[in-house]
Amino acid sequence: IDSGWNNSTYRTSYLNASGNYPVGSTSFNWYIHDVSGNIDSCAVTVVVNDTIAPFITCPANATDSADVNFCYTVPLNIGTPSYGDDCTTATLSWVKTGATTGSGTGTVSGTFNVGLTNVKYIVEDEAGNRDSCSFTVRVVDVTDPEITIGCVSVSDTAAANNCYKI
């Protein structure tokens, strides 16, 4: 063998195919050349799998009050989660259970009913690895209850020589 080389775009040199390969499959060729001018090659595929879950940190639990005469609010004090992935893009979704139900993508938003709502964030990377965290949103009812009692005035007369009426 007179010489050898490779055509990997991630190589450290023509004689060394080591390098930082991305997640997925990368194909390249190794070539050898002998002193007689003969060249041979072989195909190589490097497969890199992402097995590391993304990370997520939830905001703190939140408490807010519904406006008077309303049974819901759009909380102003919900923090945003911190999330990401070391290899690929991570997507964020959420599920609300409890006093308010629903699901969606991105950061949680919208109205929350009076009571306690559990919010679960799920982060997923392109390889399908997941992580999650949860926090609560409490909406306090500040409207005083109203009570109406239907009272009827009643009067009656006791019979003669009786001091009471049944």
Side-chain angles (χ1 to χ4, degrees), residues 4-31 41-152:
W5 69 94
N6 71 78
N7 65 350
S8 169
T9 55
Y10 303 101
R11 67 180 177 241
T12 53
S13 72
Y14 285 109
L15 297 176
N16 185 348
S18 298
N20 292 320
Y21 288 82
V23 172
S25 297
T26 303
S27 297
F28 61 93
N29 292 311
W30 272 104
Y31 300 94
S41 68
C42 68
V44 176
T45 300
V46 174
V47 178
V48 177
N49 295 313
D50 177 4
T51 59
I52 300 170
F55 66 88
I56 186 165
T57 303
C58 268
N61 294 337
T63 299
D64 206 344
S65 298
D67 289 335
V68 174
N69 296 324
F70 286 90
C71 295
Y72 59 88
T73 192
V74 176
L76 300 176
N77 58 353
I78 296 178
T80 57
S82 171
Y83 67 97
D85 189 65
D86 291 337
C87 297
T88 60
T89 302
T91 58
L92 184 67
S93 60
W94 51 265
V95 177
K96 292 191 282 189
T97 59
T100 307
T101 59
S103 61
T105 58
T107 55
V108 69
S109 61
T111 61
F112 284 75
N113 296 327
V114 166
L116 187 66
T117 299
N118 298 301
V119 178
K120 180 178 183 180
Y121 275 120
I122 303 106
V123 62
E124 183 173 357
D125 66 16
E126 293 174 11
N129 301 309
R130 291 178 163 203
D131 195 9
S132 64
C133 65
S134 297
F135 69 103
T136 60
V137 176
R138 180 180 304 278
V139 176
V140 179
D141 182 358
V142 295
T143 303
D144 291 332
E146 289 183 15
I147 187 167
T148 304
I149 301 174
C151 294
V152 177

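Just the heavy atoms: all of them, side chains too, but no hydrogens, waters or symmetry mates, feed the values below.
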Is there a side-chain contact between [X] and [Y], using heavy atoms and a 4.5 Å cut-off?
X: Ser8; Y: Tyr21; answer: yes
X: Asn129; Y: Ile52; answer: no
X: Pro81; Y: Leu92; answer: yes
X: Ile78; Y: Phe135; answer: yes
X: Ile56; Y: Cys133; answer: yes
X: Asn77; Y: Asp64; answer: yes
X: Thr80; Y: Pro59; answer: no
X: Thr100; Y: Thr111; answer: no

Classify the side-chain pair Asn16/Ser18 by whether it contains a donor and acceptor separated by less than 3.5 Å.
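Result is yes, a qualifying pair exists.
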Could you please spell out the steps behind the side-chain contact (heavy atoms from CB on, under 4.5 Å) verdict for Val137 and Val119?
CA-CA 7 Å; Val137 176; Val119 178; 4.2 Å; yes
Rounded distance [0.5 Å steps], [atom1] in [X] versus [atom2] in [Y]:
X: Asp67; Y: Asp141; atom1: CG; atom2: CG; value: 11.0 Å
X: Asp131; Y: Ile122; atom1: CG; atom2: CD1; value: 10.5 Å
X: Ser109; Y: Lys96; atom1: OG; atom2: NZ; value: 7.0 Å
X: Tyr14; Y: Asn6; atom1: OH; atom2: CG; value: 9.0 Å
X: Thr63; Y: Leu116; atom1: OG1; atom2: CG; value: 8.5 Å

Return yes if some donor-acceptor pair links the side-chain N/O of Asp125 with the main-chain N/O of Ala127 below 3.5 Å, else return no.
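Pair found, side chain donor or acceptor close to backbone of Ala127.
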Is a donor on one side and an acceptor on the other found under 3.5 Å between the side chain of Asn113 and the backbone of Ala99?
yes
Hey, which of Thr97, Val95, Thr101, Asn61 is the one that makes side chain to side chain contact (heavy atoms under 4.5 Å, CB included) with Asn118?
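Exactly one candidate clears the test, Thr97.
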Measure across [X] and [Y] and return the closest heavy-atom pair with its distance rounded to 0.1 Å.
X: Pro22; Y: Val48; answer: O-CB, 3.4 Å
X: Cys87; Y: Asp50; answer: CB-OD2, 3.6 Å
X: Phe28; Y: Val46; answer: CE2-CG2, 3.7 Å

May I ask you to decide if the ring planes of Tyr31 and Trp5 are parallel, tilted or perpendicular, using 30° and 60° as cut-offs?
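Ring orientation, 0 to 90° scale: parallel.
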Is it the case that atom CZ in Phe55 sees more than 12 heavy atoms from other parts of the structure closer than 6.0 Å?
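Yes, the 6.0 Å shell around CZ holds more than 12 heavy atoms from other groups.
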Pair Thr143-Phe70, side-chain contact (heavy atoms from CB on, under 4.5 Å): steps then yes or no
CA-CA 8 Å; Thr143 303; Phe70 286 90; over 6 Å; no
